[in-house]
Number of protein chains: 2
Amino acid sequence: MIRRKKPPTISHVAQQAKVSIATVSRVLNGTTPVDDKTAKRVRAAINKLNFVPRHAARVLAGKRTHTIGLLLPEISGAFFQPMLKGIEAGAHDAGYDLLIHSTQIHDPSHRPLGEHNTDGLLVFTNSLDDQELARWHRIKFPVVLLHQTPPDSLNIPVITIENKNGAAMLINHLIEIHGKRRIVFLRGPEGHEDSVWRARGYREALEIHKIKFDHSLIASGGFDDEEAFITIQQMLTNGIDFDAVFAGDDDAAIGAIRALRMAGRVIPGDVAVVGFDDIPFARYLSPALTTVRAPIEEVGREAVRQLARLMNGEQAEALTLMRTELVIRESCGCAPASTISNPLQDELISSTRR
Amino acid sequence: MIRRKKPPTISHVAQQAKVSIATVSRVLNGTTPVDDKTAKRVRAAINKLNFVPRHAARVLAGKRTHTIGLLLPEISGAFFQPMLKGIEAGAHDAGYDLLIHSTQIHDPSHRPLGEHNTDGLLVFTNSLDDQELARWHRIKFPVVLLHQTPPDSLNIPVITIENKNGAAMLINHLIEIHGKRRIVFLRGPEGHEDSVWRARGYREALEIHKIKFDHSLIASGGFDDEEAFITIQQMLTNGIDFDAVFAGDDDAAIGAIRALRMAGRVIPGDVAVVGFDDIPFARYLSPALTTVRAPIEEVGREAVRQLARLMNGEQAEALTLMRTELVIRESCGCAPASTISNPLQDELISSTRR
DNA sequence: TACAATCATGAAAGCGCTTTCATAAAAACA
DNA sequence: TGTTTTTATGAAAGCGCTTTCATGATTGTA
């Protein structure tokens with residue numbers, strides 16, 4: 001064990017300033033007016049002793065932890081950087097600390113985050129079982145979901161993006177502008193809701209254009225570079241015929257492109273490839289990736305904003321759908337450049353069931 | 001404020017199990033043997049009441065928070081994803097929670113992280129003033145630095161990578177294999193130590209080959225795509241003559257390439273461009289980026305490992321230098337593929353002054 | 001000048017745990 | 001069977017704060 005000098009406590013400060021601990025607490029929190037002179041004395045004492053209130057004691061005495069928790073399945077893929085950035089910034093703005101837990105090893109008995117150490121929780125898709133979610137809902141513990149609708153139609157706020165619409169825009173473009181008919185769709189990880197909605201967008205776009213849905217064109221890309229690579233290689237080996245790939249997300253698009261190249265296919269000449277998310281690198285791929293821009297960072301910020309409302313006892317939006325926009329670049333077969341946004345949508349569409 | 005049913009406390013459990021709270025605490029922590037039958041009763045009560053100990057109370061009563069803090073300047077750039085992943089995983093393995101704070105707004109009076117709410121701290125370069133660091137050192141609070149040597153030669157453990165060597169390998173390659181003589185170096189952000197060491201590697205490599213150092217070839221890239229883009233554009237406008245660019249890091253390399261392309265230069269034909277870090281996308285750029293692989297995720301893991309030793313009262317390595325390796329791809333002018341590691345180094349070089 | 005109203009401050013009661021110390025019950029020994 | 005050792009458990013004292021309640025000092029009003 002470490003032996004270090006005991007840090008000063010509030011009573012040391014009180015002694016030094018010749019006041020009671022109650023008064024120190026008051027100048028610390030500004031809860032009750034304190035005479036200017038005494039306040040000055042107290043502040044001097046705090047500085048002199050280099051006093052920092054112990055977090056645990058405050059939390060225990062008061063009611064709030066001033067901390068929000070973030071539950072993630074894992075930190076990987078280019079997707080998480082902007083999301084984390086947005087959440088961190090949002091937490092900072094709202095005056096909360098951020099406790100992060102990635103639940104790679106899901107041990108239900110050891111609950112790392114919850115009402116005992118946070119004031120509220122941000123839960124990313126796939127990181128938790130519905131039962132725990134239901135429990136929190138029951139005890140009215142503030143929770144906001146990211147990219148995941150609540151189970152059993154519990155009334156838990158959700159922030160997500162226009163996945164279906166985005167995917168449909170992409171597929172429409174592929175069909176209408178480039179005359180593609182056999183478009184592969186690479187699913188995301190099991191249970192990942194973004195993937196489900198993107199699949200729906202895909203199917204709807206096909207239906208509109210009277211293209212028959214073909215099961216053999218659907219496979220798993222895992223929203224992951226490596227997995228997509230392997231999957232596309234297999235499809236190629238199996239002689240499946242296709243003229244375009246909607247990779248599920250940008251990471252998977254990268255893997256798909258790699259596999260296609262390795263097999264000698266030209267992109268977009270032989271096969272068009274499109275992604276989803278518009279990660280920062282999408283534009284630097286060659287050919288530059290046609291994709292859908294998801295306002296990932298803004299999702300994070302907005303999620304914290306909604307959570308803050310919940311934590312203040314206010315109502316939060318049941319559903320916040322962030323707008324996505326088509327980003328046409330080269331990998332679909334278009335000539336370089338230009339960003340086309342979707343004119344049918346508003347900046348933020350809330351409380352509307354998809 | 002939110003009104004929710006009060007969560008069960010240890011005394012509710014005690015009542016339910018017909019034991020004292022001391023006994024409940026004992027089965028909770030396994031500190032003292034408890035009779036099997038009673039233990040079973042207690043566990044049943046815990047389950048029935050859905051009891052989770054309140055973190056704040058444990059911390060206040062015991063001495064440890066079971067939390068480590070991470071101090072970052074900001075979460076941006078492709079660099080942070082693997083680093084965070086490594087740190088999160090390391091913390092998880094060591095049984096600690098992770099509290100993240102990015103100090104974009106540096107308010108010295110409000111100390112978000114410290115001895116009052118964590119057992120130890122990971123501090124990334126550029127995120128803190130030396131004074132605070134010195135204070136922690138004085139009170140023997142466990143701190144490990146990432147990519148930054150301690151000020152005033154305080155004895156604080158450091159984890160970083162072989163920056164100088166990596167940069168030198170890169171420049172040597174450019175000179176020896178590709179005959180480059182006028183190599184631009186793009187510095188990182190002010191005060192970023194990685195940048196300082198890379199600059200030294202750059203200069204040493206020049207010296208070895210008797211190439212005179214030219215001030216006009218040094219400029220700021222900020223380890224940032226956009227900043228590098230602007231800088232290179234300016235150098236081009238100013239008519240500065242160069243045949244290669246060492247961009248400081250991979251993000252900056254991307255910006256540099258973009259600026260060069262826009263000016264009609266061919267890469268690597270007219271100008272070779274190399275980066276540093278080997279972020280996941282480096283290989284997918286075109287031309288594929290020649291760079292130095294930094295084991296970023298492993299740095300994060302190792303940092304937590306060292307911090308854990310400190311927190312357990314053990315000694316930690318004063319300096320852990322993680323090995324870097326040259327990754328030759330196309331942007332330097334080489335033909336595709338092949339990874340050349342540096343045979344002069346061991347897996348991990350520790351406690352050796354650079 | 002007398003009394004009420006206002007204000008600044010202190011005393012003390014928790015918040016929910018861990019841990020020490022004491023004690024009753026059980027086991028071991030003679 | 002009586003005495004000592006061991007084991008399981010409870011009572012109670014904090015840990016360092018916030019907050020309520022009471023009180024003495026100050027100001028205002030007539």
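So that the names make sense, note that chain A is the first sequence line, chain B the second, and so on, each numbered from 1.
Taking CG of B:L145 as the reference point, atom CZ of B:F124 lies at 11.0 Å (rounded to 0.5 Å). Going from atom CG of B:L49 over to atom CD of B:Q15 covers 9.5 Å, rounded to the nearest 0.5 Å.
Residue contacts shown for B:S25 include a base, since a base heavy atom lies under 4.0 Å away. Contact annotation for B:V59: no contact, since no heavy-atom pair falls under 4.0 Å across all strands. Contact annotation for B:V34: backbone-only contact, meaning every heavy-atom pair under 4.0 Å involves sugar-phosphate atoms and none involves a base.
Between A:R301 and A:D93 there is a salt bridge, since a side-chain N of the basic residue sits under 4.0 Å from a carboxylate O of the acidic one.
In this structure, NE2 of B:H55 is placed 16 Å from C1' of D:dC17, rounded to the nearest angstrom. One interatomic measurement links the two molecules: NZ of A:K37 to C1' of C:dT9, which rounds to 16 Å at whole-angstrom precision. Going from atom CZ of B:R41 over to atom C1' of D:dG10 covers 13 Å, rounded to whole Å. With rounding to whole Å, A:K18 atom NZ is found 22 Å from C:dA8 atom P. Between the CG atom of A:D36 and the P atom of C:dC7 there is a distance of 15 Å, given to the nearest Å. When the C1' atom of D:dT18 is taken as reference, atom CZ of A:R64 falls 14 Å away, rounded to whole Å.
The phosphate of D:dT9 (OP1 or OP2) has no side-chain N or O of B:T23 nearer than 4.0 angstrom. OP1 or OP2 of C:dT9 has at least one side-chain nitrogen or oxygen of A:T38 nearer than 4.0 Å.
Comparing B:A22 and A:P8 against DNA chain D, the residue whose closest nucleotide sits nearer the 5' end is B:A22. Taking the nucleotide of DNA chain D with the nearest heavy atom to each of B:D35 and A:T32, the more 5' of the two is matched to B:D35.
Taking the ring centroids of A:F79 and A:H147, they lie under the 6.0 Å cut-off. For an aromatic pair to be called close, the ring centres must be under 6.0 Å apart, and A:H192 with A:F223 satisfies this.
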I'd like a table of atom pairs between the protein and nucleotides 13-16 of chain D - only N or O on both sides, under 3.5 Å - with the distance next to each one.
| unit_1 | atom_1 | unit_2 | atom_2 | d |
| --- | --- | --- | --- | --- |
| D:dC15 | O2 | B:L60 | O | 3.4 |
| D:dC15 | O2 | B:A61 | N | 3.3 |
| D:dG16 | N2 | A:A57 | O | 3.4 |

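Each of D:dT9, C:dT9, C:dT19 was ranked by its minimum atom distance to the side chain of A:R26; first place goes to C:dT9.
Judged by distance alone, the side chains of A:E193 and A:T149 do bring a donor and an acceptor atom under 3.5 Å apart.
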Worked check of salt bridge (Lys or Arg N to Asp or Glu O under 4.0 Å) between B:E298 and B:K85: CA-CA 9 Å; B:E298 198 44 48; B:K85 185 174 181 181; over 6 Å; no
